[in-house]
Amino acid sequence: EAGVAQSPRYKIIEKRQSVAFWCNPISGHATLYWYQQILGQGPKLLIQFQNNGVVDDSQLPKDRFSAERLKGVDSTLKIQPAKLEDSAVYLCASTFDLAGYNEQFFGPGTRLTVL
Amino acid sequence: AQSVAQPEDQVNVAEGNPLTVKCTYSVSGNPYLFWYVQYPNRGLQFLLKYITGDNLVKGSYGFEAEFNKSQTSFHLKKPSALVSDSALYFCAVSQDSNYQLIWGAGTKLIIKP
């Protein structure tokens, strides 16, 4: 089966510019996650969707970050305007449902560099 | 509050020797425990998980992990390390009451030829 797809793989922007990332989860997976991973650290959950509804966005900096999953399949994460500290890898993951015993499947990530 | 600790930032092992990457956790109820691996410039890959039952769990690439409830540990092990095992390893925990993963900070595993 196809894995989680993400694009672009790399993005370089200047501070105060905007950027968008796209994720297509594994077919049939209802739950989708966006994580931010700073180099050398564990992933930090930004937002979690169940189908097209938000389950948790408590750690999403809502003044600059937004995410949507309108049709319950693919998702976009946007940053506007970007700050230097947003430089990180943005990972998308999906899982079959909300059960805690399900492993998450990750995409390759988008490496964002903000100059 | 739930938490995961990986006490070693880096573990160095000679090729062919056994390896152990440590993980301890803190949860209020029964945990679901996971190990993920991240190779350079790659996304995270699932290695293995403990849900219930046998305390010794076997996973991908010859890795295994032992769940120890009394010590609240879930250490990752492999009998004979390969240079290709060099990567960043993350331990994570979740529960049915909180289906989000709580992640450890990661341990860099370096296998030397």
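Computed from heavy atoms alone, side chains included, the values below leave out hydrogens, waters and symmetry copies. So that the names make sense, note that chain A is the first sequence line, chain B the second, and so on, each numbered from 1.
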task = Could you tell me the separation between the NZ atom of Lys49(B) and the CD atom of Gln104(A), rounded to the nearest 0.5 Å?
result = 11.0 Å
ask   = Can you tell me how far CD1 of Ile51(B) sits from CG of Asn102(A), rounded to the nearest 0.5 angstrom?
value = 7.5 Å
Is it possible for you to say whether [X] and [Y] belong to one hydrophobic cluster, with membership spreading through side-chain heavy-atom contacts below 4.5 Å?
X         : Y        : result
Trp22(A)  : Val19(A) : no
Leu19(B)  : Tyr61(B) : yes
Ile26(A)  : Val73(A) : no
Leu112(A) : Leu44(B) : no
Val11(B)  : Leu47(B) : yes

task = Spell out the residues in residues 75-96 of chain A that have some non-hydrogen atom less than 4.5 Å away from a non-hydrogen atom of chain B, in order of number; otherwise answer 'none'.
result = Leu91(A)
query = Which of residues 33-48 of chain A have a heavy atom under 4.5 Å from any heavy atom of chain B?
reply = Tyr33(A), Tyr35(A), Gln37(A), Gly40(A), Gln41(A), Gly42(A), Pro43(A), Leu45(A), Gln48(A)
inquiry  = Tell me the closest heavy-atom pair linking Gly100(A) and Ser94(B), and the distance in Å.
reply    = O-OG, 2.6 Å
Phe46(B) versus Glu103(A), closest heavy-atom pair with distance = CD1-CB, 3.4 Å
query = At a heavy-atom separation under 4.5 Å, does Gln6(B) approach chain A through its side chain, its backbone, both, or neither?
reply = neither
key: Contacting moiety of Tyr50(B), where chain A heavy atoms sit under 4.5 Å   = neither
Count the heavy atoms of every other residue, nucleotide or ligand shown that sit under 6.0 Å from [atom1] of [X], and state whether that count exceeds 12.
X         : atom1 : value
Asn30(B)  : CG    : no
Tyr101(A) : OH    : no
Lys62(A)  : NZ    : yes
Arg42(B)  : CZ    : no

